[in-house]
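Scroll down for the structure; my scribbles are underneath it.
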Amino acid sequence: MMKAKRLGAATARFRAAQGVASPPDTDTEPEPHALDGEDFEPRYIGWEIARCAPSLDSDEQAALAALVAACVASIRAGSTRIACEADGLVNALEAVGGAAGGAIGARLVARARTAVEGDPVSDVVGRPGERKPLIVDGPWLYTERMHTLEERFCQRVRARASHVLQGDARAVQRAVAAVASSPQSLTEEQKRAVRAALGASLSLVTGGPGSGKTATAVAVVRAMAWLGTPMDSVAVAAPTGKAAQRLSDAIRHGLAAAPSTPRDLADAGLGAIALVPQTLHRLLGWSPSRGRFARHEGDPLPHRVVVIDEASMIDLAMMDRLLRSVRPDARLVLFGDADQLPSIEAGAVFRDLCAGLGAVRLTKNLRVADDANAARIVGAARSINAGTLGDEFAASVSARARADELSLEGVEHLDAPWVEVGPAFLERWWSARIAPDPAFARRVSRTYRFRGGVFGEDDLVDLRALFDGHARSRILCATRVRGFAAGADAIGDQLLAKLRAVTSRRSGRRRDLSPGVPVIVQRNDYDRGLFNGDQGMVLLVDADRAVGPEPMVVFPRGDGYDAFPLESAGDVAPAFAMTVHKAQGSEFDHVAVVLPEADVPILTRELLYTAVTRARRSVVVVGERDLLVRAVERTMLRESGVAERLKTT
């Protein structure tokens with residue numbers, strides 16, 4: 001049987017044009033090459049587009065290829081466009097090795113603005129409304145796909161924002177008054193947010209941790225019930241399963257805390273129907289096998305109210321899909337923190353929506369009234385967000401020089417390189433945060449019995465203790481890569497070694513998934529009901545299978561737990577430590593933030609702010625102060641036209 005060729009003909013031509021020999025057509029892996037890394041696709045696409053303008057001279061073709069590559073690379077980095085002026089182009093081209101063509105690229109862009117028929121540049125670089133690979137829009141250069149997406153999205157936002165919902169103003173006021181009179185009273189900011197959600201087809205609520213976003217979401221749902229909205233027409237979702245579950249739990253607890261008086265018939269009806277939390281992908285009907293969503297403007301969601309939490313994690317394409325899928329007469333309420341890390345994909349869309357349309361901003365922190373440690377976390381986060389490590393930061397953060405000086409309370413900064421203090425710090429963290437309970441070793445070493453999809457009562461006691469303990473603390477890192485000592489994988493390896501020393505057990509299938517290892521789901525698994533961000537733990541389980549007791553992944557399920565064999569547990573990874581991006585949508589009592597060994601572009605103010613604000617009670621930042629200062633001074637640059645397009649209409 002003939003073996004399939006490794007490279008397509010077009011890719012082979014590209015390599016030949018770059019003077020790079022294609023790897024041999026064998027089953028062995030080729031030697032790594034610069035064109036095989038992350039820069040391969042942008043440069044390849046640039047080369048293909050440049051070939052569509054063969055009458056350009058070689059220097060112009062090279063500059064055009066670099067322009068395309070820079071646009072593609074900018075999308076990968078989270079922007080939707082690059083600046084057209086010469087300096088901006090040079091900066092963008094440097095990232096793809098084409099800085100030498102900056103001046104020529106600027107001339108090509110200038111020609112495209114006034115291109116006449118027959119100019120070869122006009123074949124590939126056009127103006128708004130044209131179908132060309134690149135689009136020049138004022139001082140900005142886009143790919144045609146991203147320009148169309150941005151324009152289409154803003155049109156949908158403007159249409160929804162201008163849509164007036166019919167309603168009874170007095171009824172809205174009564175509903176707000178009713179939900180504000182519960183034991184968890186609302187601030188004036190929260191009341192304003194509830195009124196906005198009840199009266200508009202699109203409302204935005206932003207605020208930092210502790211500002212009451214979740215309580216406001218509960219109040220919105222309760223107020224909808226007071227207005228007679230059937231609860232089966234309300235959808236609650238978030239980008240990750242963990243974030244969706246947190247919002248659903250908060251709504252359930254908020255209803256449980258509501259007063260049980262005769263006038264609370266709406267709450268009683270609401271409590272009788274459990275709102276099912278969903279990931280955004282599941283809400284919109286994503287089909288992995290078909291590679292598409294079921295919901296769109298032609299087949300919109302049936303819900304009259306859609307509440308989305310952690311909206312800062314949503315990228316431009318997904319937010320556009322959401323707007324396409326919500327009925328014009330429905331209410332869409334987005335909650336998030338506009339100062340947090342934006343989505344991994346292109347766009348900072350929630351931040352841009354708040355800037356372009358305005359949002360209800362919750363500024364009062366509700367945690368600090370009787371908690372000095374929470375107040376210190378808020379003070380440190382506020383300083384980071386302001387871009388300074390001034391007096392407020394100094395007053396909030398205690399400096400430490402050695403791991404044995406840490407109290408692991410409040411906010412501390414262990415000012416030392418990770419390579420020097422890492423082992424001592426992990427020893428301290430292990431004993432104080434991971435395994436402080438004398439029963440920890442027994443719980444992670446024992447065998448749990450799983451019969452008929454249910455664990456026994458004795459098993460449940462130990463499972464709850466393990467999961468509660470794991471949920472209280474986490475180490476957060478800027479990067480995951482195992483090659484870096486301060487990366488999440490490398491730190492996880494060291495903690496795994498400590499676990500094995502305690503349990504003397506190993507997994508026969510995957511060495512990194514021994515009993516006792518906490519894990520996080522990396523990809524949605526709809527067949528098993530496991531979603532990106534869900535967290536579980538590997539434990540030895542007797543599920544009455546022929547193989548006998550075996551390591552299985554146990555996940556919380558409502559008030560109980562479910563177990564899956566390792567081979568069918570989906571895409572899971574160890575979670576002793578995790579990246580800050582993965583931690584979005586989660587909160588912990590105690591957090592350790594480990595800075596990388598050297599300055600890297602990903603180390604930004606937004607990343608540090610997001611990491612610190614994952615904590616409710618204590619934070620320790622580990623790393624040199626110089627790195628901390630650079631992180632606070634560097635902002636995550638996301639070039640996008642969404643905010644300005646919305647402001648100008």
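Numbers here are sequence positions counted from 1.
- Once rounded to the nearest 0.5 Å, the distance linking CG of L322 with CZ of R156 reads 11.0 Å.
- In this structure a side-chain-to-backbone donor-acceptor pair under 3.5 Å is present from T80 to E639.
- Separating the NE2 atom in H147 from the CD atom in E151 is a distance of 4.0 Å, to the nearest 0.5 Å.
- Note that CG of L496 is 13.5 Å distant from CD1 of I491, once rounded to the nearest 0.5 Å.
- Classified by interplanar angle (parallel below 30°, tilted 30° to 60°, perpendicular above 60°), the ring pair H281/W286 is perpendicular.
- M578 CE to I520 CD1: the interatomic distance, rounded to the nearest 0.5 Å, is 3.5 Å.
- Residues A573 and R480 come closest through the heavy atom pair CB-NH2, 3.8 Å.
- A338 and R361 make their closest contact through CB-NH2, 4.4 Å (heavy atoms, listed as atom of the first residue, atom of the second, distance).
- The number of heavy-atom neighbours closer than 6.0 Å to CZ of R557, taken from other residues, nucleotides and ligands shown, is above 12.
- With contacts defined as side-chain heavy-atom distances shorter than 4.5 Å, the pair L513/P574 qualifies.
- Within the 4.5 Å cutoff, side-chain heavy atoms of L316 are placed close to those of M146.
- With R327 contributing its side chain and R304 its backbone, the two residues share no donor-acceptor pair below 3.5 Å.
- The main-chain N or O of G336 is found under 3.5 Å from a side-chain atom of T206 such that the two form a donor-acceptor pair.
- Residues F335 and V307 are in side-chain contact: their nearest non-hydrogen atoms beyond the backbone lie under 4.5 Å apart.
- In this structure, the ring of F467 has its center less than 6.0 angstrom from the ring center of Y561.
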Point to revise | Check against side-chain hydrogen bond (donor to acceptor under 3.5 Å, both in side chains), E606 and T610 | key: CA-CA 6 Å; E606 292 84 356; T610 303; over 6 Å; no
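- Remark: the backbone N or O of S586 is paired with a side-chain donor or acceptor of R614 at under 3.5 angstrom.
- Contact annotation: the side chain of V572 approaches that of F555 to within less than 4.5 Å [non-hydrogen atoms, C-beta and beyond].
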Check your understanding: Stepwise, does the side chain to side chain contact (heavy atoms under 4.5 Å, CB included) test hold for V205 with L362?
Key -> CA-CA 7 Å; V205 183; L362 306 179; 3.9 Å; yes
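- Counting all heavy atoms, side chain and backbone alike, V234 lies closest to H303 at C-CD2, 3.9 Å.
- With respect to E644 and R81, a salt bridge is recorded, a charged nitrogen being found less than 4.0 Å from a carboxylate O.
- For the pair G199 and R331, the tightest heavy-atom approach, listed with the atom from each and the gap, is N-NE, 4.4 Å.
- H581 contributes atom NE2, which lies 5.5 Å from atom CD1 of I602 (distance to the nearest 0.5 angstrom).
- When all heavy atoms are compared, the tightest approach of L198 to L227 is CD2-CD1, 3.9 Å.
- Side-chain atoms of L353 and V349, non-hydrogen and from C-beta on, do get closer than 4.5 Å to each other.
- The backbone N or O of R295 sits less than 3.5 Å from a side-chain atom of S325, completing a donor-acceptor pair.
- Rounding to the nearest 0.5 angstrom, the gap separating the CD atom in E345 from the CZ atom in R76 is 10.0 Å.
- Classification of R451 and D459 as a salt-bridged pair fails, no side-chain N sitting under 4.0 Å from a carboxylate O.
- Under a 3.5 Å cut-off, the side chain of Q190 and the backbone N or O of G212 do form a donor-acceptor pair.
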Practice item. Might you work through the side chain to side chain contact (heavy atoms under 4.5 Å, CB included) test for L284 and L301, ending with a clear yes or no? Key: CA-CA 8 Å; L284 300 179; L301 294 165; 4.1 Å; yes
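- Residues M313 and L280 fail the side-chain proximity criterion, which asks for heavy atoms closer than 4.5 Å.
- Side-chain atoms of T613 and I377, non-hydrogen and from C-beta on, never get closer than 4.5 Å to each other.
- Checking side-chain atoms of E150 against main-chain N and O of G641 turns up a donor-acceptor pair under 3.5 Å.
- Ring orientation note: the planes of F455 and Y448 are nearly perpendicular, at an angle over 60° on the 30°/60° scale.
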Exercise for review: Using the side chain to side chain contact (heavy atoms under 4.5 Å, CB included) rule, take T604 and T635 through it: C-alpha gap first, then chi angles, then the decisive distance, then the call.
Suggested key: CA-CA 5 Å; T604 63; T635 60; over 6 Å; no
Exercise for review: For I344 and D315, run side chain to side chain contact (heavy atoms under 4.5 Å, CB included): C-alpha distance rounded to whole Å, both residues' side-chain angles, the deciding distance at 0.1 Å, then the answer.
Suggested key: CA-CA 7 Å; I344 295 177; D315 62 85; over 6 Å; no
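- Remark: R152 CZ is packed, more than 12 non-hydrogen atoms of other residues, nucleotides or ligands lying under 6.0 Å away.
- The two residues V360 and E189 make their nearest non-hydrogen contact at CG1-O, 3.7 Å.
- In this structure, the side chains of C154 and V642 come closer than 4.5 Å at one or more pairs of heavy atoms.
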